[in-house]
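Values in this document were obtained by computation on a predicted structure and should not be read as measured data.
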Amino acid sequence: MKNFLFILLLLLLFSCQNDKKDIRHIKKQSAVTNDSNLTENNKAIPEKVDSTKTTSKQTEPIKNILQEEEKNSTYKMKSISELWKQYKSAKALATKYVKMDSLDSVITYLNIAADAAYELRREDIATWQLNNIGYHSIVKFKKLTDYDERMQQLATFSNLRKKGLYTVETKSVFRENYNILTRAEDFLYKAQLLDSEMEKSDRTKAIENNLKFISWIGDYISNGSHITRKRSAE
């Protein structure tokens with residue numbers, strides 16, 4: 001009887017040990033599983049990228065930029081009819097402002113007319129417009145300085161002292177308005193450059209005479225020489 005009780009006690013102890021091992025194993029497994037789940041849950045999962053959207057984003061800006069550049073471009077090729085229309089309109093406005101004695105506007109529209117003629121490959125017409133800027137500028141200069149009257153007056157002086165004083169006054173008036181001629185000179189040089197590529201004509205002579213007049217006025221107001229004869233623009 002004692003032996004039986006001893007064996008039964010051993011069996012119970014053995015059973016308890018196994019149960020504890022199983023419990024520890026279960027807890028361990030549970031901890032591993034929980035840690036694994038926690039790790040997976042906390043991982044930053046990369047967002048799936050739609051390849052079609054990426055391609056679209058890469059190509060779309062380039063397309064838009066080109067379209068915007070074309071849309072915003074200030075330069076557009078004009079047709080022949082549009083250029084002739086521009087030329088005639090500018091010429092009409094220049095004529096209008098000549099009558100209104102507005103030199104700045106005359107220069108603006110004659111220059112536009114010259115540009116249109118040049119784009120039409122009518123360098124001869126373009127050259128005339130540039131020369132006309134010089135011509136109208138000289139006319140304005142003469143008007144503001146009473147050029148013709150002063151030339152006549154200087155030619156009639158017999159008293160050298162009076163002539164000298166009037167000469168000084170005349171130079172001063174010319175000098176005050178000389179900027180009109182220096183601005184015109186730039187357009188005349190352009191006209192001369194274009195004209196040099198064509199056959200000589202009345203246009204060539206007109207440009208030369210206008211440049212000579214400006215040069216002569218410049219020399220006169222700078223070197224003190226007396227005016228002995230009248231110069232006129234073509």
Apply the test side chain to side chain contact (heavy atoms under 4.5 Å, CB included) to residues K78 and Q86: give CA-CA distance (whole Å), side-chain angles for both, the deciding distance (0.1 Å), then the verdict. CA-CA 10 Å; K78 293 181 180 179; Q86 176 181 313; 2.5 Å; yes
Would you check, one step at a time, whether the test side chain to side chain contact (heavy atoms under 4.5 Å, CB included) holds for T108 with Y97? CA-CA 10 Å; T108 296; Y97 285 111; over 6 Å; no
Show, in sequence, the C-alpha distance, side-chain angles and deciding distance for R150 and V173, and conclude whether the side chain to side chain contact (heavy atoms under 4.5 Å, CB included) test is met. CA-CA 10 Å; R150 286 181 176 280; V173 173; 3.5 Å; yes
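From F157, atom CZ reaches atom CD of Q152 across 12.5 Å, with rounding to the nearest 0.5 Å. A distance of 11.5 Å separates CG of L188 from CD of E208, quoted to the nearest 0.5 Å. Here the CD1 atom belonging to I180 is positioned 13.0 Å from the NZ atom belonging to K142, to the nearest 0.5 angstrom. K163 contributes atom NZ, which lies 9.5 Å from atom OG of S158 (distance to the nearest 0.5 angstrom). To the nearest 0.5 angstrom, E169 atom CD is 9.5 Å from L154 atom CG. Atom OG of residue S222 and atom CZ of residue F174 lie 13.0 Å apart, to the nearest 0.5 angstrom.
Of the possible donor and acceptor atoms, none in the side chain of D146 sits under 3.5 Å from a partner among the backbone N and O of E149. Side-chain atoms of Q192 never come within 3.5 Å of backbone atoms of Y189 as a donor-acceptor pair (strictly under, hydrogens ignored). Panel note: side chain N111, backbone I107; no donor-acceptor pair is recorded below 3.5 Å.
A salt bridge links R183 with D104: at least one charged nitrogen is closer than 4.0 Å to a carboxylate oxygen.
Under the 4.5 Å side-chain criterion, counting only non-hydrogen atoms from C-beta, K91 is in contact with Q129. Put simply, the side chain of K140 reaches to within 4.5 Å of the side chain of D101, judged on heavy atoms. Contact check for S215 versus L211: no side-chain heavy atoms found under the 4.5 Å cut-off. A 4.5 Å side-chain heavy-atom check between D115 and Y87 finds every atom pair outside the cut-off.
When only modelled atom types and interatomic distance are considered, R203 and T127 share no side-chain donor-acceptor pair under 3.5 Å. For T204 and D195, the side-chain atoms include at least one donor-acceptor pair closer than 3.5 Å.
Residue F213 is tested with Y147, Y220, Y178, Y135 for a ring-ring contact (aromatic ring centres under 6.0 Å, His included); the sole match is Y147. A side chain to side chain contact (heavy atoms under 4.5 Å, CB included) with I133 is found for one member of D186, L110, L103 and no other, namely L110.
Within 6.0 Å of OH on Y166 lie more than 12 heavy atoms contributed by other residues, nucleotides or ligands. Heavy atoms from other residues, nucleotides or ligands lying under 6.0 Å from CG of D202 number 12 at most.
Scanning both residues, A126 and A114, for their nearest heavy atoms gives CB-O, 3.4 Å.
Cation-pi geometry between K96 and Y109 is not satisfied (NZ or CZ under 6.0 Å from the ring centre, within 45° of the ring normal).
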